[in-house]
Amino acid sequence: MALIVQKYGGTSVGSPERIAAVAEKVMGYRQRGDDVVVVVSAMSGETDRLIKLAKAICTNPDPRELDVLLATGEQATIALLCMAMNDRGCPARSYTGQQVQILTDSAFNKARIQDIEGARVRKDLSEGKVVVVAGFQGVDELGNITTLGRGGSDTTAVALAAALKADECQIYTDVDGVYTTDPRVVPNARRLDRITFEEMLEMASQGSKVLQIRSVEFAGKYNVPLRVLHSFQEGAGTLITYEDESMENPLISGIAFNRDEAKITVLGVPDQPGVAARVLGPVADANIEVDMIVQNISPAGDTTDFTFTVHRNDYDKAMSIIQAVAKDLGAREVSGDNKIVKISLVGVGMRSHAGIASTMFKALANEGINIRMISTSEIKVSVVVDEKYLELGVRALHDVFQLDKAS
Ligand code: ADP
Ligand code: ASP
Ligand code: MG
């Protein structure tokens, strides 16, 4: 008998019929003798609907109140799923994040899980019940409802699996595993049987939304066996695992992309010690995350240029901060572009191979795609290109590295 934590995403619980199908699937595991804890998302579209509703009331909803609102989406699904199971003769109980005591910090809208009090869940399991927990939400030490950021139900599931020492955490979704890239963009993308935590973390950080970044971090840290599977199709899915010697290390495991990018450039900043801190410090102070940074010296050597990227939602705010900073510093010009995207190649095999970046650049050049920024790490190469080239760029790279074929 195993203890399994299963998470069902928004589309998988998107209608009464699908909730009923999930109920029956969970009952199948119970009948085989497994203990099951289920984590569910809000029904598909519900979180977006609630955000829109809040924005119809005011442009900048109070973050605490927004979390109170967003948490209702998942609360509805847990109740509906338990009703479906109870109606079919399978005892099930629902819990909100607050009831299970998913303790988080107080960073509303992007809270981090700090601890889980699993006693209530364990007691129900020992009584033969299925436990259904609302994903994406927790409670801070003052009793405020918090949410974990978009896609956060993945993290609830992995954190619960770690706290309960579950045998496996299964993420059920609308694709049958992790692919070489988003199959919606590249139809001949290939499902991976396995991918390392390190690569999955990089794919998630570079924009692949199949798993929330924090869920992969948790799984790696607490050694939770993690699998991505299709909710309603049979198959082994993709196992996220440690690198081991039996695994072949393909050069490139996948291509991630991020549509939420924007870049800002400051030209002609007097080149003195401390200037980078003076340009970027105020951006960080405003809680805006900066991703890529490029600094370049001007030909004359007395001024320097900066370009950096931020999340598209932060573009206007970052731009007005930088305009004020540029004026203070006597910089020549500020410009920006919020119609850019980032495409990244990810693979642990890159460590031991030269030439990946140049093959990437050539493939993009062959399609007439101009590269605006480049950044590399041990296991990834990222480029920033104009938004209109996203699909073309990803497909060209998928082809040139032959990711549709198993290596
Ligand atoms: P859920 O609502 O179940 O959490 P998500 O929409 O968050 O589902 O994640 C699943 C989606 O992730 C897929 O429909 C797919 O379009 C997208 N996706 C992006 N990159 C990948 C990838 N490399 N492999 C598989 N799916 C991916
Ligand atoms: N419902 C939340 C969202 O749409 C959390 C999740 O689905 O994981 O982002
Ligand atoms: Mg998701």
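Every number for a ligand or one of its atoms is a count from 1 in the order of the listing. All values below were derived from every heavy atom in this structure, side-chain atoms included, with hydrogens, water molecules and symmetry-related copies excluded.
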Decide if atom CD of Glu391 counts as having more than 12 heavy atoms of other residues, nucleotides or ligands within a radius under 6.0 Å.
yes

Do Tyr95 and Arg120 have side-chain heavy atoms sitting under 4.5 Å apart?
yes

Kindly indicate whether the side chain of Leu148, heavy atoms from C-beta on, has any atom under 4.5 Å from the side chain of Arg214.
no

Compile the protein residues with any heavy atom at a distance under 4.0 Å from an atom of ligand 1; present them by chain, then by number.
Lys7, Gly9, Gly10, Thr173, Asp174, Val175, Gly177, Val178, Tyr179, Thr181, Asp182, Pro183, Arg184, Met203, Ser208, Lys209, Val210

Arg30 side chain vs Val26 backbone, donor-acceptor pair below 3.5 Å
no

Does ligand 2 have any N/O pairs with the protein under 3.5 Å, and how far apart?
residue, atom, partner, partner atom, Å
ligand 2, 1 (N), Thr47, OG1, 2.8
ligand 2, 1 (N), Glu74, OE2, 2.7
ligand 2, 4 (O), Thr47, OG1, 3.4
ligand 2, 4 (O), Arg150, NH2, 2.9
ligand 2, 7 (O), Ser41, OG, 3.0
ligand 2, 8 (O), Gly152, N, 3.4
ligand 2, 8 (O), Ser153, N, 3.0
ligand 2, 8 (O), Ser153, OG, 3.1
ligand 2, 9 (O), Arg150, NE, 2.7
ligand 2, 9 (O), Gly151, N, 2.9

Strictly by modelled atom types, are Gln212 and Thr155 linked by a side-chain donor-acceptor pair under 3.5 Å?
yes

Counting neighbours of CD on Gln114 that are heavy atoms of other residues, nucleotides or ligands and sit closer than 6.0 Å, is the number greater than 12?
yes

Judged by modelled atom types alone, do Asp67 and Thr147 share a side-chain donor-acceptor pair under 3.5 Å?
yes

Please work out which of the three classes, parallel, tilted or perpendicular, describes the rings of Tyr242 and Phe197, given edges at 30° and 60°.
perpendicular

Answer yes or no for Arg312 and Tyr315: cation-pi contact, defined as NZ/CZ to six-membered ring centre under 6.0 Å and angle to ring axis within 45°.
no

